[in-house]
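Take a look at the structure below.
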Amino acid sequence: MADVAGKSAAEEREYSETEIAVHWREEEYVPPPAGFRGQANANDEAILERFSAEHFPECFVEYAEMLTWDRRWDTVLDASKPPFFKWWVGGRLNACVNCVDRHLDARGEKNALVWVPEPEDADIQEITYRDLYRRVNEFAALLKHFVGANTGDRITFHLPMVPELPVSMLACARLGVIHSEVFGGFSGHACGQRMADAESAVLVTMDAYYRNGELIDHKTKADDAIEEARKDGIEVEKVLVWRRIRDEYHSQSEMVEGRDFFIDDLLKNYSGQQVEPVSLEANDTLFIMYTSGTTGRPKGAQHSTGGYLSYVTGTSKYYQDIHPDDVYWCFADIGWITGHSYIVYGPLALGTASVMYEGVPTYPDPGRPWRIAEKLGVKIFHTAPTTIRMLRKLGPDEPPKHGYHFKTMTTVGEPIEPDVWRWYWQVVGKGQAAITDTWWLTETGGFLGSTLPALQPMKPGSCGPGVLGVYPVIFDENGQEVPKGSGKAGNICIRNPWPGRMLTVWRQDQRFIDTYYTKYCDHNSKDWRDWPFLCGDGGVEAADGYFRILGRIDDVINVAGHRLGTKELESAAIMVDEVAEAAAVPVVDELRGKIVEMYVALKPGFEPSDEIRQKVSDTIDREIGKIARPKNVWIVPDMPKTRSGKIMRRVIAGISNFADVGDTSTLANPEIVDAIREQVQAEKQARGESPKDLSQKEKEEIATFGQSSE
Ligand code: WTA
């Protein structure tokens, strides 16, 4: 590691009021493991030339040709109506055919999905491509004949991590029905709002599922969803209920005659039936995925069939290095875009075996993921920094006890602290697996920034350069390009269209333009070059073209005019040996506007102490500067997190400011909120840090702090 006693960058540079300050030091390059390159899908540097800017947009034909088309496209990219770009115009295909049917001849008896239930003594389900074909067709027949679903209709799923979820998705894809999966951990209320927005009158759910050793009731949420949708003007006509355990029903919610149906009962009528796949135009919609963390009307990212599928297939092949015979495990939830793109559509389009796990990573103990990996022979492992931190915290010595061997590992979802990256590399990957740190968004369909594992060295904490055919750029507040290597942060944008980008925000074209384009586009121009895509993240570009993501722009804490990225503060805190996780939030301060407060959770075996608090403060001081010195360092048992593991900073910001903590219904661990509140507020009051009267503007800032990254 670089010299930690070095002078802080804050002492060397002044920042203007609109700049986000950055103090990261450059990390070292790490080359891919020996022997990796020889077997890699992208092992020849010629690929970089094939995807170079002068070959845009034709370079992406390479991805489209990985798919099976009913009709080849007439036009690669129609950019005539920015920002409503269209790829593969006139091409026709079906996503289900690409993920299932086309593998039957060569790989029918190979596994498509391997499902690991949470109870460890339960049987693992292996679903071959032939089984999947049968299950998808039967459910598609049910949707067509019993529900009367037509191409273009929307159907909402509120399903946990069970194989019935990809089966349902692919059945919809077969019919050209647009699916909209709402993360199973979300409340019924959130589900209902999304149903109303999508004007979806059919809900597919499940009675119950296992989580942390308990069979939890899920169908009750359907009742709330229906009520909420009704308030918003949508009458739900049918609720289709999968049963977690055959012939049993584990919910307190009553089945409503004529509206609620058990799918397993109905499926008996469709046994062995096959449904003709509907051939769709490439720009027809495959699914809607609502983005998280938005206030007001939900924002449905509307993804295309041809552009999206080609993009997730190509990036799965080159960046995760998926070969058909690999066992691939993306440890994410399908209710999140990562699961759509990189558990279901990308891996299945490539004909590989995709592992799904029902439960929490540490159930019944933090060795569980490694036992699964060993037992199933997982070669490619894909998860989020929050899971990595959790496994490091609770089972730091577990991975070497298990005889699995990964060749690639992916991290996704938030910036990974270099310290955590090194644990992933050395302990989880045993120094033998190339890591791809993939930066992207729900809206972008697939990866935006990452390294090609065989060809570009890794750098801890940086995602890498733009991926093949994607050209990121950093703009300052005035739209000036921030040169690479300048050490300055700004708003990261993508210069060019790419096939994975969403078509629009469902039924909100103007919002699509306003959110992703208005800041930097030229509304009068018909040239795509005048329409860079605003990602909403702060970033810095190093001299070598590698990007380091600072987090969402609304996560920035403004201390006396210095804009500090939360991730940078948190990365510094986590350098303290005892610290497992950290979250930085703003506290309203009369003198300086805002001031930083730091929450940390410790690794097991350490007790909270003033010494640790002091170390955290000193490290932030040294790494970032006095301006960032936290007013308080709170050592808490755990952070409030979403079910996808993102820390809900607005909740702790609410506590620190004695303000409303807002909606906590989507928390994975709601009980922690009261515990933290009691601890922090009691101590604050004892110190005379009494509640301040917040202005309306301050209240809003606190209530939405970091919300777009939830
Ligand atoms: C953050 C998840 C740094 C980023 C695919 C982005 C990341 C938001 C990374 C989107 C990464 C995702 N490094 N930050 N590798 N991956 N992010 O829509 O702030 O759930 O804007 O999509 O996650 O989150 P979303």
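Atoms within each ligand, like the ligands themselves, are counted from 1 in listed order.
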Check your understanding: Which protein residues have a heavy atom under 4.0 Å from ligand 1?
Key -> Trp336, Ile337, Thr338, Val412, Gly413, Glu414, Pro415, Asp437, Thr438, Trp439, Trp440, Leu441, Thr442, Asp537, Ile549, Arg552, Lys646
Check your understanding: Is the backbone N or O of Glu417 less than 3.5 Å from a side-chain atom of Ser571, with the two atoms forming a donor-acceptor pair by type?
Key -> no
Practice item. Step through it carefully: locate the ring centre of Trp531, locate the ring centre of Phe85, and say whether they are under 6.0 Å apart. Key: no
Exercise for review: Enumerate the residue pairs fulfilling side chain to side chain donor-acceptor pair (under 3.5 Å) with a member in residues 440-454, sequence neighbours excluded, ordered by first and then second residue.
Suggested key: Glu443-Tyr516
**Study point:** Tyr209 and His218 aromatic ring geometry - parallel, tilted or perpendicular at 30°/60° bounds
**Key:** perpendicular
Exercise for review: Classify the angle between the aromatic ring planes of Phe381 and Phe331 as parallel (below 30°), tilted (30 to 60°) or perpendicular (above 60°).
Suggested key: perpendicular
Practice item. Mind listing the closest non-hydrogen atom pair of Asn491 and Ile553 along with its distance? Key: OD1-CD1, 2.7 Å
